[in-house]
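All of these numbers come straight from a predicted model, not from anything done at the bench.
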Protein chains: 4
Amino acid sequence: MPKKPTPPTKIEQTTAAGRDAMLSDVPDGELRKSDNTRMRILNAAAYVLSQEGYAGTKLADIARRADLRISTLYYYFASREELVVAVLLTGSTQVRKHTEAALAALAPGIAPIDRLAVAVESHLRYVLEISHYTEAAVRNAGQMPEHLRAEVEKEQARYGKIWQKLVDDAVMGKDYPSPNERRALRLLILGALNWTVEWWTPSRASVDEVVSAALKMTRRALGAR
Amino acid sequence: MPKKPTPPTKIEQTTAAGRDAMLSDVPDGELRKSDNTRMRILNAAAYVLSQEGYAGTKLADIARRADLRISTLYYYFASREELVVAVLLTGSTQVRKHTEAALAALAPGIAPIDRLAVAVESHLRYVLEISHYTEAAVRNAGQMPEHLRAEVEKEQARYGKIWQKLVDDAVMGKDYPSPNERRALRLLILGALNWTVEWWTPSRASVDEVVSAALKMTRRALGAR
Amino acid sequence: MPKKPTPPTKIEQTTAAGRDAMLSDVPDGELRKSDNTRMRILNAAAYVLSQEGYAGTKLADIARRADLRISTLYYYFASREELVVAVLLTGSTQVRKHTEAALAALAPGIAPIDRLAVAVESHLRYVLEISHYTEAAVRNAGQMPEHLRAEVEKEQARYGKIWQKLVDDAVMGKDYPSPNERRALRLLILGALNWTVEWWTPSRASVDEVVSAALKMTRRALGAR
Amino acid sequence: MPKKPTPPTKIEQTTAAGRDAMLSDVPDGELRKSDNTRMRILNAAAYVLSQEGYAGTKLADIARRADLRISTLYYYFASREELVVAVLLTGSTQVRKHTEAALAALAPGIAPIDRLAVAVESHLRYVLEISHYTEAAVRNAGQMPEHLRAEVEKEQARYGKIWQKLVDDAVMGKDYPSPNERRALRLLILGALNWTVEWWTPSRASVDEVVSAALKMTRRALGAR
DNA sequence: CATGAATGAGGCTTCATTCAT
DNA sequence: AATGAATGAAGCCTCATTCAT
């Protein structure tokens, strides 16, 4: 395992893979202490961001949750902003990868509307059940100061493209004739899914029920019988 | 210690009516100057909140936009929080009233799905075209500190009830059989509409196109052919 | 007296005149409280800068000396840097004005070497006896971060020009033939004078003795018999 | 608690000789690696101090320039302050030794004014051309916190004594009659020389020109011709 | 009514320093 | 002999808030 030069301060997406490695029980053998700590910080930041939002996220909270002092954060990230961007980037990348994987696993001949349904379920479950990173990304996308948006939006555009194709392929007949309408449709659907983070809590309804409703809504909206 | 003569500081929703009054050409004679100023502050705050989000909203920005000094804000509102709550309450109340009015204007025998469609259009246009207050309310609902949510959520619950009835009435046949699913459906639809504030800009598509897509999506989702 | 708009945060040289006004016993009548406080801050900063140097100057020290809280400094200056620049600019401007005044008061026909001598004495006494501002400017000219030097150096260049003329006029015969040498001579003399702030203390020798030595040195260096 | 095997941490002036040894091609066999590294650190610190000043000098800069990690510096120096003091002492000692050597090389019967001239040239060239150590010492003499000055000032007093004798011997006749004036004269001259570090850059004038001006100024100031 | 002035609390960041390896 | 990791102290700065006028 190659030693990184010195202070590991740089923005790199922390992939879901790396994160999972950390969450599993694999002994540290392959990881430097520093990787571990960096991950702990990112995890803590993702959680706080998902709960408190961009402006409410304080380094003190992140440090407390990571069981470190504030100044230690600066050993790994050059600034609060860099840390936030790293989380959001990770979050955006994670859903995308997760959904891409789900789609890749499908049989080749599957109907477009079914592909879209798979994406809906994958996205929704990831946001609600799995990743604070993605919840953070979803909730804070619009709350970030101008100069931080560029990077995050680029990643999100990538995901958006995938979805647009899913929607375009699934649209039947002559509904939603214009590209603008189909773009709107895609964003309305993703909005419906993303907005769940604002209202869903495990106590009132199961994820399954939400997924079920979302799937019906989408299938019908796209013209399935 | 009675300091301020008649401190007009009280949280009351500023209704759309009041607001419109202010925007119209009614001679000032009808209004105390203080009403005027209070309204200017609220308008400014609504705008800033809709753009910057809860945490990004600074009194300095509001004061600048209202062409006042910061300390003046305290003549009208006891605290930043009170001002914010006033805006969000106003925003929530405004859409509700607006949508209620639109529904009230309908012929009695109209089909439930059509009533829902009217609500969709009314809501969407209000958020996107008309009211910074409502945009502020929509975007910041989830970003507020715990102790401020109560009031705002109460108003929103009221609106939610109206919508739930619209959805329940419009659902056809045996789809969405459980109340939980129908609740999820309502929130998915409202989420789709509310999320538009995160992505819609006049430059890429007209409101009409978004409305059109939203109407189709809703009608189909609810089972209309 | 025209009211300044609002927060008086802007860099303007505080002229010796303004400062003297503040130091004298003239009742505040003509001055806003704000002018007074701004002056107190500048005075405090000048003192601290002259004693501690650029890097050693802490806002806490300045605030303490001005009998204010740190945050109050920000009501008058946008940043530590702006305050420092204001002091150095003031300091540079002060000596220049003081020396210009001394020169202006001379009889027209006076010999160039005598004009130079007047400048030497004026400069030296101002730095050692009168102005912390100028001492601050002298001691910190070279210690400032790159991006702050521009403004200060411009003012200093202005003073440098005056001195160069004094030196050029006073140089007799064929010594120091090249402009570069005369420039060096000017800077050596000013250096000798400025460096006094590093070693002079009232306890070891009187200002008069230093002035006397400096005058002799200069007169002889320039070729007077 | 004996931690470090042979912690070479001790304040000793690194003489010009030692430094030259390091710069020359003598095979490393003669030097412990640690000497080598210690020297690298000192050199780096001298450079940074000469450029940034006491307060602007960061261990990070020194480490970067020495191509080491910050923590390594602590293997050789107990603290930042100790390192700084070592540099300044070295710098002060270097000029003194250099000038002493130049004076020692003179013929015995040489005139006092010529001895002084030799010292002027030696000092000036050393500061401007040769040693960052001395430049550091010169520029930071007055910027150091109280508790660090003692050692440095002691060394500088030693050099001052030599200069005072040079000046006293060179003064002719009845000028500068009092010891205080002669002390002032010495410090004015040294000030003129030292201040050159604040303004001289190779691009505007050659060292020779500055030296020439300084020599003429000194000779004349002392009454030669 | 409105504001100028002042402040306290709290956040971000830098940096020298320590220590186990 | 050198370094990676972690930290405490201290500084700068922002911002909501107060209060006399």
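Contact between the side-chain N/O atoms of C/Arg69 and the OP1/OP2 oxygens of E/dA6 is not found at any separation under 4.0 Å. An OP1 or OP2 oxygen of F/dA5 is reached within less than 4.0 angstrom by no side-chain nitrogen or oxygen of A/Tyr76. Contact check, C/Ser71 against E/dG8: no side-chain N or O comes under 4.0 Å of OP1 or OP2. Distances shown here put every side-chain N or O of D/Tyr75 at or beyond 4.0 Å from the OP1 or OP2 atom of F/dA2. The shortest distance between the side-chain N/O atoms of C/Tyr74 and the OP1/OP2 oxygens of F/dC15 is not below 4.0 Å. Contact annotation: C/Thr37 reaches the phosphate of E/dA6 (side-chain N/O to OP1 or OP2, under 4.0 Å).
In this entry the distance linking CZ of D/Arg40 with P of F/dA1 reads 13 Å, nearest Å. One interatomic measurement links the two molecules: CZ of D/Arg80 to P of F/dG8, which rounds to 21 Å at whole-angstrom precision. Atoms CG (C/Leu73) and C1' (E/dG8) sit 14 Å apart, rounded to a whole Å. Between the CD1 atom of B/Ile70 and the P atom of E/dC1 there is a distance of 21 Å, rounded to whole Å. Rounded to whole Å, the distance from CG on B/Asp61 to C1' on F/dA16 is 13 Å. Taking atom CG of residue A/Leu83 and atom P of nucleotide E/dT13, one finds them 10 Å apart after rounding to whole Å. In this structure, B/Arg38 places its CZ atom 17 Å from C1' of E/dA2, rounding to the nearest Å. In this structure, C/Phe77 atom CZ and E/dA6 atom P are separated by 12 Å, rounded to whole Å.
Of the two residues near DNA chain E, A/Lys58 and B/Thr72, the one whose nearest nucleotide lies more 5' is B/Thr72. Position along DNA chain E of the nearest nucleotide to B/Leu68 versus C/Asp67 favours B/Leu68 as the more 5'-ward residue.
The side chain of D/Leu59 sits closest to E/dT17 out of E/dT3, F/dT7, E/dT17.
Cation-pi geometry between D/Arg139 and D/Tyr133 is not met: the NZ or CZ atom fails to fall both under 6.0 Å from the ring centre and inside 45° of the normal. For C/Arg64 and C/Tyr47, the positive end is not near the middle of the six-membered ring at less than 6.0 Å and at most 45° from its axis.
Rounding to the nearest 0.5 Å places CD of B/Gln51 at 8.0 Å from CZ of B/Arg65. The line from NZ of A/Lys58 to CD1 of A/Ile70 is 11.5 Å long, rounded to the nearest 0.5 Å.
Under the Watson-Crick or G-U wobble criterion, with both distances below 3.5 Å, F/dA1 has no partner in any strand shown. F/dT14 and E/dA9 make up a base pair, with Watson-Crick or G-U wobble contacts both under 3.5 Å.
The nearest pair of heavy atoms linking C/Asn140 to C/Tyr54 is OD1-N, 2.7 Å.
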